[in-house]
J.: 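The structure that follows is given in the form of structure tokens.
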Amino acid sequence: MPGGDQEPGRYYVGVDVGTGSVRAALVDQRGTLLAFADQAINKWEPQFNHHEQSSEDIWAACCIVTKKVVQGINLNQIRGLGFDATCSLVVLDKQFRPLPVNHEGDSHRNIIMWLDHRAVSQVHRINNTKHSVLQYVGGVMSVEMQAPKLLWLKENLRETCWDKAGHFFDLPDFLSWKATGVTARSLCSLVCKWTYSAEKGWDDSFWKMIGLEDFVSDNYSKIGNQVLPPGASLGNGLTPEAARDLGLPAGIAVAASLIDAHAGGLGVIGTDVRGHGLACEGQPVTSRLAVICGTSSCHMGISKDPIFVPGVWGPYFSAMVPGFWLNEGGQSVTGKLIDHLVQGHAAFPELQAKATARCQSIYAYLNSHLDLIKKAQPLGFLTVDLHVWPDFHGNRSPLADLTLKGMVTGLKLSQDLDDLAILYLATVQAIAFGTRFIIEAMEAAGHSISTLFLCGGLSKNPLFVQMHADITGMPVVLSQEVESVLVGAAILGACASGDFTSVQVCEEPGVGRGNSPVCHGPSS
Ligand SMILES: Nc1ncnc2c1ncn2[C@@H]1O[C@H](COP(=O)(O)OP(=O)(O)O)[C@@H](O)[C@H]1O
Ligand SMILES: O=C(CO)[C@H](O)[C@H](O)COP(=O)(O)O
């Protein structure tokens with residue numbers, strides 16, 4: 001982010017919409033977080049594999065958290081606002097009102113979430129076309145991307161949704177529209193989830209081939225025909241109406257957005273690591289892999305030239321770091337899988353009671369319980385007989401197979417707290433092996449990765465971090481600023497304000513943003 005030597009007292013607001021909650025932060029010019037707030041958001045699962053949200057609920061949560069983080073601040077010092085969000089599909093009618101994405105006709109639920117797997121038949125047909133755009137999503141389109149979901153809406157909700165629809169937004173672009181009234185889309189969302197090419201634009205033949213020729217005939221007005229790089233300033237900035245909603249001054253700069261994983265990647269990949277003896281010190285930024293671990297995990301690796309990795313999304317040009325190609329590996333459920341297995345275990349009520357009695361989170365309690373039961377042996381040995389295959393929601397990368405299911409082997413009749421703790425450990429290990437599997441695929445295709453940079457909710461779990469270091473054999477770097485995704489969102493606002501000339505991380509790490517790291521090496 002070159003150009004950052006301004007006088008003190010200029011602030012930026014970053015808003016991060018994750019799967020389970022909305023977070024906001026007030027950030028200064030050095031990227032230091034001054035205030036933080038979060039707010040849970042509603043999710044609906046009306047049928048198995050159908051996951052929905054409400055754009056009105058999400059906007060309301062953005063307003064609550066933004067108002068909280070600017071409390072007590074001179075609003076004139078706030079210079080810019082940036083959003084990131086999950087890559088969920090928002091549907092609005094021609095007057096920008098929510099439309100139902102469900103058979104119940106509930107228009108409040110107008111978002112098909114990223115993890116929704118309803119469009120299985122549609123994605124198979126799309127993949128059977130073998131269209132050349134598929135080369136840029138790892139060779140296989142994911143059911144979690146937007147094209148299959150759009151086709152599902154056309155085939156299943158023609159009258160109630162499809163025919164009335166005026167605007168289909170990726171959630172990050174919905175938020176920037178809501179703040180500014182500008183319908184321009186971010187290059188990040190269109191390239192990563194909608195098959196747009198940064199170099200060639202839309203490919204008419206793809207949309208015609210899959211049966212969505214409607215978009216071609218109206219010049220893509222419903223899905224975006226004005227595309228801006230992340231961090232570009234939108235229109236005249238914050239509208240008076242949005243300013244009232246958010247408690248911010250009208251007219252402040254609002255940036256073209258990023259998908260949440262990409263904001264996290266931007267927030268950590270340029271971390272200054274000098275003096276920690278890490279393999280990536282003095283090496284190109286392409287030797288770093290950002291891993292954003294929340295409900296899902298996303299593995300973001302960049303390169304100067306395009307690298308085609310079977311089963312790993314991309315290569316996407318300029319979708320995260322301007323001028324670099326991005327490959328994005330991923331595991332569709334990681335935090336959600338750990339929560340699912342722990343909360344579904346017979347010993348969960350006992351765990352909750354014991355953690356509450358000690359004023360600890362359930363994960364802090366489980367981690368200390370594992371330390372107790374491992375006694376003198378290495379932690380990894382506790383799971384010699386218990387193994388988890390973590391693809392409970394299919395495999396995003398590198399197998400790119402949505403039909404895969406999860407598996408646990410080595411179960412016994414006992415279901416006490418020790419069993420729960422060991423199942424939790426085996427799950428964390430399985431997720432870390434998934435990361436190793438993705439790195440191996442990326443390296444086989446030409447990446448050369450030496451260091452992991454983790455952020456997201458799961459990076460607050462020391463066991464998760466240590467298992468990633470042990471199982472990949474690579475050092476794991478955590479930024480001192482734990483809310484790195486929010487730093488990424490605020491960088492967008494800082495760039496849009498004109499106070500900084502670019503969101504670009506420096507090509508040579510060591511002269512990048514100051515965000516002192518905490519490093520975890522593999523256990524000896
Ligand atoms: N302090 C913590 N210790 C262990 N796990 C945590 C901690 N904080 C969050 N998590 C886990 O991280 C996941 C959510 O991460 P988050 O980044 O908030 O997700 P999202 O962006 O998808 O909303 C959950 O599975 C949660 O259990
Ligand atoms: O597909 C993705 C990014 O390309 C993410 O997995 C999706 O946006 C959900 O993110 P999170 O796990 O942080 O809620």
Side-chain angles (χ1 to χ4, degrees), residues 15-23 36 38-43 51 53 58 61 65 84-89 111-117 137-138 141-146 149 170-172 186 188-194 257-267 290-300 312-314 316 319-320 326-343 355 360-368 393-394 396-397 424 427-428 431 454-467 478 482-486 488-489:
V15 178
D16 165 36
V17 179
T19 299
S21 66
V22 174
R23 284 81 60 157
F36 169 85
D38 64 351
Q39 173 79 24
I41 43 178
N42 287 320
K43 301 190 283 289
H51 296 267
Q53 280 182 323
I58 288 175
V65 290
D84 72 73
T86 64
C87 48
S88 299
L89 177 68
I111 297 181
I112 303 185
M113 292 179 72
W114 61 273
L115 77 168
D116 187 293
H117 281 193
V137 289
M141 181 167 284
S142 163
V143 69
E144 294 173 12
M145 291 181 174
Q146 308 301 15
K149 290 173 176 160
D170 220 88
L171 183 54
S186 163
C188 172
S189 44
L190 289 200
V191 166
C192 299
K193 307 294 169 180
W194 299 70
S257 310
L258 279 168
I259 297 169
D260 55 355
H262 303 63
L266 195 63
V291 189
I292 296 82
C293 336
T295 303
S296 62
S297 290
C298 302
H299 306 72
M300 324 296 280
V312 171
W313 294 344
Y316 299 136
M320 187 174 88
L326 169 72
N327 286 106
E328 179 181 350
Q331 294 163 285
S332 286
V333 288
T334 49
K336 188 174 171 68
L337 177 64
I338 297 170
D339 296 343
H340 174 79
L341 287 176
V342 168
Q343 290 167 16
Q360 277 183 321
S361 78
I362 52 170
Y363 294 114
Y365 188 92
L366 281 174
N367 292 349
S368 52
H393 199 48
R396 192 189 282 180
S397 309
Y424 157 70
T427 308
V428 172
I431 292 168
L454 259 60
C455 65
L458 284 172
S459 70
K460 296 174 191 163
N461 182 343
L463 180 78
F464 189 88
V465 173
Q466 193 60 54
M467 287 301 119
L478 301 178
V482 290
E483 299 298 340
S484 300
V485 184
L486 278 166

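All values below were derived from every heavy atom in this structure, side-chain atoms included, with hydrogens, water molecules and symmetry-related copies excluded. Both counts, for ligands and for their atoms, begin at 1 and track the order of listing.
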J.: If you compare all heavy atoms of H262 against all heavy atoms of A319, which two are closest, and at what distance to 0.1 Å?
T.: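 Scanning both residues completely, I find the closest heavy atoms to be CD2-O, 3.9 Å.
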
J.: Looking at every heavy atom in both W313 and K193, which two are closest together, and how far apart are they?
T.: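 Taking every non-hydrogen atom into account, CZ3-NZ, 3.0 Å.
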
J.: Dump the pairs for me: ligand 2 N or O, protein N or O, distance under 3.5 Å, to 0.1 Å.
T.:
from: ligand 2; atom 1: 1 (O); to: K193; atom 2: NZ; distance (Å): 3.3
from: ligand 2; atom 1: 4 (O); to: K193; atom 2: NZ; distance (Å): 2.7
from: ligand 2; atom 1: 4 (O); to: E328; atom 2: OE2; distance (Å): 2.6
from: ligand 2; atom 1: 6 (O); to: S296; atom 2: OG; distance (Å): 2.7
from: ligand 2; atom 1: 6 (O); to: R396; atom 2: NH1; distance (Å): 3.4
from: ligand 2; atom 1: 6 (O); to: R396; atom 2: NH2; distance (Å): 3.2
from: ligand 2; atom 1: 8 (O); to: C87; atom 2: N; distance (Å): 3.4
from: ligand 2; atom 1: 8 (O); to: D260; atom 2: OD1; distance (Å): 3.0
from: ligand 2; atom 1: 10 (O); to: D260; atom 2: OD2; distance (Å): 3.0
from: ligand 2; atom 1: 12 (O); to: T295; atom 2: N; distance (Å): 3.3
from: ligand 2; atom 1: 12 (O); to: S296; atom 2: N; distance (Å): 2.8
from: ligand 2; atom 1: 12 (O); to: S296; atom 2: OG; distance (Å): 2.6
from: ligand 2; atom 1: 13 (O); to: D260; atom 2: OD2; distance (Å): 2.9
from: ligand 2; atom 1: 14 (O); to: T19; atom 2: N; distance (Å): 3.3
from: ligand 2; atom 1: 14 (O); to: T19; atom 2: OG1; distance (Å): 2.4

J.: Look only at the side chain of Q360 and the backbone of L366, and say whether a donor-acceptor pair between them is shorter than 3.5 Å.
T.: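 Absent.
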
J.: Where the side chain of S397 meets the backbone of G329, is there a donor-acceptor pair that is under 3.5 Å apart?
T.: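 Pair absent, no side-chain N/O of S397 close to backbone of G329.
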
J.: Where is the tightest heavy-atom contact between L171 and T86, given as atom of each residue plus distance?
T.: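 Heavy-atom minimum between the residues: CB-O, 3.3 Å.
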
J.: Any chance you could measure S297, atom OG, to I431, atom CD1, to the nearest 0.5 Å?
T.: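 If I round to the nearest 0.5 Å, the distance is 6.5 Å.
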
J.: Please work out whether the ring planes of H117 and H393 are parallel, tilted or perpendicular, with thresholds of 30° and 60°.
T.: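 Plane angle under 30°, so parallel.
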
J.: Is Q146 reaching over with its side chain to a backbone N or O of C87, donor-acceptor style, under 3.5 angstrom?
T.: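 Side chain of Q146 to backbone of C87, a donor-acceptor pair under 3.5 Å: yes, one is there.
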
J.: Salt-bridged, E144 to R396, with N to O below 4.0 Å?
T.: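 A salt bridge is present here (some side-chain N lies under 4.0 Å from a carboxylate O).
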
J.: Could you please provide the protein residues found below 4.0 Å of ligand 1 on a heavy-atom basis, arranged by chain and number?
T.: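 Heavy-atom contacts below 4.0 Å: G18, T19, G20, S21, R23, G294, T295, G335, D339, Y363, G456, G457, L458, K460, N461.
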
